[in-house]
A.B. asks: 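One structure is given below, represented as structure tokens, and several questions about it will come after.
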Amino acid sequence: MMKKKLLVIPVLILYILALAAYTPVAYAEPTSNDTPADDATVLSPPTVSAKNVILIDAKTGNTLYSINPHQKAYPASITKILTAAIALEQGNLKDVVTIDEEASLGIPDGSSAVVMDKGEQFTLEQLLYGLMLVSGNDAAVAIAKHISGTTDEFVNLMNQKAKEWGAKNSHFANPHGFHNDEHYTTAYDMAMIARHAMIIPKFRDIVSTTLYLDIPKTLRGDQRRWDNINFFVQPNSKYYYKGATGIKTGYTNQARHTLVASAQRNGTELIAVLMGEPSKPVAWKDAAALMDYGFNAFTRKIIATKGTPLGTVNITNGSTSESIEAVLDRDIEIMIPKVSEIIQPSVHLPSSITAPINEGDVLGSVDYMIGKQKVASANLIAPQSITAKQAEAIPPLVTANSNSTTSSTWWQISLVLIIVAALWMLYSLKKSHDNDTYRF
């Protein structure tokens, strides 16, 4: 009995040691070389005050972070991003624009303005600086009428171009953004419009300009000076963000403060849209926090290369093959979280396709997903051509160069004649037999 009790003691000791050996140990997430260990908080999305938010990669348009990105909201003066982009694509910067009464006196009370008198003349280029740096509603009207003849026609063009550039849930009612219940957009739509605008070199120059002086004097002889009121790009402002490249602020009582901001670091440019902010300083701080998050928490990576096969499609009526591979039409380059997440391709292909097929024909598509979020899309194409199978010719009974019947055909005819003759003989014998039987 004593031996059994003594045996229990080492067993208990071993059990306790085993528990200690398997106690879970907490391991820190690996830290990127680009992010200091004491700045790990930037790997999590910041808390912002805006009601509608989106952060995108300017190169691909991929969404990195968002809050209510497709919810209807009033844009205020960030509308002018669309107005300026259209004017740059359809106008001539050296065109001279004469200010009429509508541009000088017809803008709504309370509008931000360049302040121009009827009869003054400006180039389209000068008006664009007045539009984007000091947010002149009068400049917006003058630009709209110069491009389209009337503000109404320009507004029609705004709605058309917004859709072409990726907007899905927007409707614009004027070229400047002064409040109108039917003038609305979304954070996502403004990001798509801004992304397109930033492709235009002159637009980038304008929205990153801090001071513009190449302006005609007023009719009273005063020198004009246009400072960029977007402190996000002003180096002497405490709200300046290093690497900022633009873009535009806005405000109305209904919209509250709005901001589209952009910044560039190590070859990557991000665009942030914030709508429904309580103040401009808060908007600039929130934009800076979003930029820090985007630059620190994400990295650019090619996740699949052009020509990669992602599926097979059966071929109907193909001359050389019964199936064809579907391959990527381009490299897939995206911004992905530095903390590794699984990216899954979702392939969309038909079960079969009918030849002929030409090299480069689109066979289907693929979406790359992180969870339920689509981060990239591409076409799947044919890597080579497949011709259609030719119909097989039916051998003729009579050759094209002879009127005689083939030997095979003669044999068939002879066989038929023999069978007919045999049947006739049987019939004749039976008839003769019947006559002999009933003869009196």
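Below, all heavy atoms of this structure are taken into account, side chains as well, without hydrogens, waters or symmetry copies.
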A.B. asks: If you look at every heavy atom in Asn358 and Ala382, which pair is closest and at what distance?
C.D. replies: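 Smallest heavy-atom distance, with atoms named: O-CB, 3.7 Å.
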A.B. asks: Measure across Ile81 and Ala197 and return the closest heavy-atom pair with its distance rounded to 0.1 Å.
C.D. replies: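 Heavy-atom minimum between the residues: CG2-CB, 3.9 Å.
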A.B. asks: Test your reading of the model: is there a side-chain donor-acceptor pair from His257 to the backbone of Glu277, 3.5 Å cut-off?
C.D. replies: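 Not at all, since once roles are kept as given, no pair shorter than 3.5 Å links the two residues.
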A.B. asks: Does any N or O in the side chain of Asp189 come within less than 3.5 Å of the main-chain N or O of Ala162, such that one atom is a donor and the other an acceptor?
C.D. replies: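 Pair absent, no side-chain N/O of Asp189 close to backbone of Ala162.
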A.B. asks: Met158 versus Asn174: any side-chain heavy-atom pair under 4.5 Å?
C.D. replies: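 No, too far: nothing below the 4.5 Å cut-off.
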A.B. asks: Take Lys59 and Glu269 through the test salt bridge (charged side-chain N to carboxylate O under 4.0 Å, His left out) and record every step on the way to the result.
C.D. replies: CA-CA 7 Å; Lys59 182 175 182 179; Glu269 187 167 49; over 6 Å; no
A.B. asks: With the side chain counted from C-beta on, respond yes when Asp214 and Gln126 share a heavy-atom pair under 4.5 Å apart, and no when they do not.
C.D. replies: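 SC-SC contact between Asp214 and Gln126 confirmed.
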A.B. asks: Using 0.5 Å steps for rounding, measure from the CD atom of Glu89 to the CD1 atom of Ile199.
C.D. replies: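 Glu89 CD to Ile199 CD1: 8.5 Å, rounded to 0.5 Å.
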A.B. asks: So do the side chains of Leu328 and Thr305 get within less than 4.5 Å of each other, counting heavy atoms only?
C.D. replies: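 Result no, sub-4.5 Å side-chain heavy-atom pair not found.
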A.B. asks: Hey, is the main chain of Asn68 close enough, under 3.5 Å, to the side chain of Asn52 for a donor-acceptor pair?
C.D. replies: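 Looks like yes, one N/O pair under 3.5 Å.
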A.B. asks: Using 0.5 Å steps for rounding, measure from the CD1 atom of Ile303 to the OG1 atom of Thr308.
C.D. replies: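 Reported to 0.5 Å precision, the distance equals 10.5 Å.
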A.B. asks: Please answer whether the main-chain N or O of Asp205 pairs with a side-chain N or O of Ser208 as donor and acceptor at a distance below 3.5 Å.
C.D. replies: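 Between the backbone of Asp205 and the side chain of Ser208 there is a qualifying donor-acceptor contact (under 3.5 Å).
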A.B. asks: Can you tell me how far apart CG (Leu82) and OG (Ser170) are? Round to the nearest 0.5 Å.
C.D. replies: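 Leu82 atom CG to Ser170 atom OG measures 9.0 Å (nearest 0.5 Å).
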A.B. asks: Does any donor atom in the side chain of Thr186 or Asn169 lie under 3.5 Å from an acceptor atom in the other side chain?
C.D. replies: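 Thr186 vs Asn169: no donor-acceptor pair found between side chains.
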A.B. asks: Just wondering, do Pro383 and Ile324 contact through their side chains at under 4.5 Å, heavy atoms?
C.D. replies: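 The answer is yes; the side chains approach within 4.5 Å.
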A.B. asks: So, for Leu363 and Pro350, which heavy atoms are closest and what is the spacing to 0.1 Å?
C.D. replies: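 Closest heavy-atom pair between Leu363 and Pro350: O-CD, 3.1 Å.
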A.B. asks: Would Asp361 and Ile353 count as a side-chain contact (heavy atoms from CB on, under 4.5 Å) if you check the C-alpha gap in whole Å, the side-chain angles of each, and the deciding distance to 0.1 Å?
C.D. replies: CA-CA 11 Å; Asp361 281 355; Ile353 188 170; over 6 Å; no
A.B. asks: As an exercise, state the distance from CG of Leu124 to NE2 of His146, rounded to the nearest 0.5 Å.
C.D. replies: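 Interatomic distance, Leu124 CG to His146 NE2, rounded to 0.5 Å: 5.0 Å.
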A.B. asks: As a quick check of understanding, evaluate side-chain contact (heavy atoms from CB on, under 4.5 Å) for Ile336 and Thr299, giving each step before the final call.
C.D. replies: CA-CA 6 Å; Ile336 60 173; Thr299 185; 4.0 Å; yes
A.B. asks: Test side-chain contact (heavy atoms from CB on, under 4.5 Å) on Leu157 and Gln160 and set out the steps.
C.D. replies: CA-CA 5 Å; Leu157 185 59; Gln160 174 191 328; 4.1 Å; yes
A.B. asks: Hey, is the main chain of Asn230 close enough, under 3.5 Å, to the side chain of Thr249 for a donor-acceptor pair?
C.D. replies: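 Flag not set: sc Thr249 to bb Asn230 has no pair under 3.5 Å.
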A.B. asks: Please table the atom pairs, donor to acceptor, closer than 3.5 Å between any side-chain atom in residues 127-143 and protein atoms at least two apart or in another chain.
C.D. replies:
residue: Tyr129; atom: OH; partner: Lys202; partner atom: NZ; Å: 3.3
residue: Ser135; atom: OG; partner: Ser77; partner atom: OG; Å: 3.2
residue: Ser135; atom: OG; partner: Lys80; partner atom: NZ; Å: 2.8
residue: Ser135; atom: OG; partner: Lys248; partner atom: NZ; Å: 2.9
residue: Asn137; atom: OD1; partner: Lys80; partner atom: NZ; Å: 2.6
residue: Asn137; atom: ND2; partner: Ser111; partner atom: OG; Å: 3.1
residue: Asp138; atom: OD1; partner: Val114; partner atom: N; Å: 2.9
residue: Asp138; atom: OD2; partner: Val114; partner atom: N; Å: 3.2
residue: Asp138; atom: OD2; partner: Val115; partner atom: N; Å: 2.8

A.B. asks: Going from CG on Leu290 to CG on Leu55, what distance comes out if it is rounded to the nearest 0.5 angstrom?
C.D. replies: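 If I round to the nearest 0.5 Å, the distance is 5.5 Å.
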A.B. asks: Determine whether more than 12 heavy atoms belonging to other residues, nucleotides or ligands lie under 6.0 Å from atom CG of Asp222.
C.D. replies: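 Enclosed: over 12 neighbouring heavy atoms sit under 6.0 Å from CG of Asp222.
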A.B. asks: Answer yes or no: is there a side-chain heavy-atom contact under 4.5 Å between Asn296 and Phe298?
C.D. replies: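 Contact flag for Asn296/Phe298 side chains = no.
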A.B. asks: Walk me through it: do Asp117 and Ser104 pass the test side chain to side chain donor-acceptor pair (under 3.5 Å)?
C.D. replies: CA-CA 6 Å; Asp117 291 319; Ser104 176; 4.8 Å; no
A.B. asks: If you draw a 6.0 Å radius around NZ in Lys161, do more than 12 non-hydrogen atoms from other residues or ligands fall strictly inside?
C.D. replies: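 Counting neighbours around NZ of Lys161, more than 12 heavy atoms of other residues, nucleotides or ligands fall under 6.0 Å, so yes.
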A.B. asks: Could you tell me which non-hydrogen atom of Val260 sits nearest to which non-hydrogen atom of Ala194, and how far apart they are?
C.D. replies: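 So the minimum-distance heavy-atom pair works out to CG1-CB, 3.8 Å.
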A.B. asks: If only atom types and distance count, is the side chain of Arg256 paired as donor or acceptor with the main-chain N or O of Met275 below 3.5 Å?
C.D. replies: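 Not a single qualifying donor-acceptor pair exists.
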A.B. asks: Would you tell me whether Asp292 and Tyr241 have side-chain atoms, one donor and one acceptor, within less than 3.5 Å of each other?
C.D. replies: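 The answer is yes; a qualifying pair exists.
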A.B. asks: Starting from the C-alpha separation in whole Å, work towards a yes-or-no answer on side-chain contact (heavy atoms from CB on, under 4.5 Å) for Asn180 and Phe178.
C.D. replies: CA-CA 7 Å; Asn180 182 314; Phe178 197 87; over 6 Å; no
A.B. asks: Rounded to the nearest 0.5 Å, what separation is found between the CG atom of Asp329 and the CG atom of Leu380?
C.D. replies: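 Here the interatomic distance stands at 7.5 Å.
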A.B. asks: Can you confirm whether Met190 sits close enough to Ile54 that some side-chain heavy atom of one is under 4.5 Å from a side-chain heavy atom of the other?
C.D. replies: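 Met190 does not reach Ile54 side chain to side chain.
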A.B. asks: Using only atom types and a distance under 3.5 Å, with no angle test, would you say the side chain of Gln234 pairs donor to acceptor with the backbone of Asn228?
C.D. replies: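 The answer is yes, because a donor-acceptor pair under 3.5 Å joins these two groups.
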A.B. asks: Under the rule for side-chain hydrogen bond (donor to acceptor under 3.5 Å, both in side chains), what residues qualify as partners of Glu359, not counting sequence neighbours?
C.D. replies: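 side-chain hydrogen bond (donor to acceptor under 3.5 Å, both in side chains) check on Glu359 returns nothing, list empty.
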A.B. asks: Locate the shortest heavy-atom distance separating Lys145 from Asp100; write the atom from each residue and the value.
C.D. replies: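 Heavy atoms of Lys145 and Asp100 come nearest at NZ-OD2, 2.5 Å.
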A.B. asks: CD of Gln223: more than 12 outside heavy atoms within 6.0 angstrom?
C.D. replies: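 Atom CD in Gln223 is crowded, with more than 12 foreign heavy atoms closer than 6.0 Å.
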A.B. asks: Output yes when a side-chain donor or acceptor of Asn62 lies under 3.5 Å from a complementary backbone atom of Val375, and no otherwise.
C.D. replies: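 Side chain of Asn62 to backbone of Val375, a donor-acceptor pair under 3.5 Å: yes, one is there.
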A.B. asks: What are the two closest heavy atoms between Gly243 and Tyr240, and how far apart are they?
C.D. replies: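 The pair with the smallest heavy-atom distance is N-OH, 3.9 Å.
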A.B. asks: Indicate yes or no: at least one non-hydrogen side-chain atom of Phe154 is less than 4.5 angstrom from one of Ile86.
C.D. replies: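 Side chain of Phe154 against side chain of Ile86, heavy atoms only: contact under 4.5 Å found.
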A.B. asks: Is there a donor-acceptor contact under 3.5 Å from the side chain of Asp331 to the main chain of Lys306?
C.D. replies: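 Judged by distance alone, yes, a pair lies under 3.5 Å.
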A.B. asks: Would you indicate whether Glu164, at its atom CD, is surrounded by more than 12 heavy atoms from other residues, nucleotides or ligands within a distance under 6.0 Å?
C.D. replies: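 Enclosed: over 12 neighbouring heavy atoms sit under 6.0 Å from CD of Glu164.
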A.B. asks: Once you measure the plane-to-plane angle for Trp226 and Tyr212, does it fall in the parallel (<30°), tilted (30-60°) or perpendicular (>60°) bin?
C.D. replies: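 Correct class here is parallel.
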A.B. asks: Can you label the angle between the Tyr74 ring and the His179 ring as parallel, tilted or perpendicular, going by 30° and 60°?
C.D. replies: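 Taking His179 first and then Tyr74, their aromatic rings stand perpendicular (interplane angle over 60°).
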A.B. asks: I'd like to check His196 versus Ile193 (side-chain heavy atoms, cut-off strictly below 4.5 Å). Are they in contact?
C.D. replies: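 They are not in contact (no side-chain heavy atoms under 4.5 Å apart), so the answer is no.
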A.B. asks: Strictly distance-based, threshold 3.5 Å: is any side-chain N or O of Asn379 a donor or acceptor partner for the main-chain N or O of Ile381?
C.D. replies: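 Answer holds: no.
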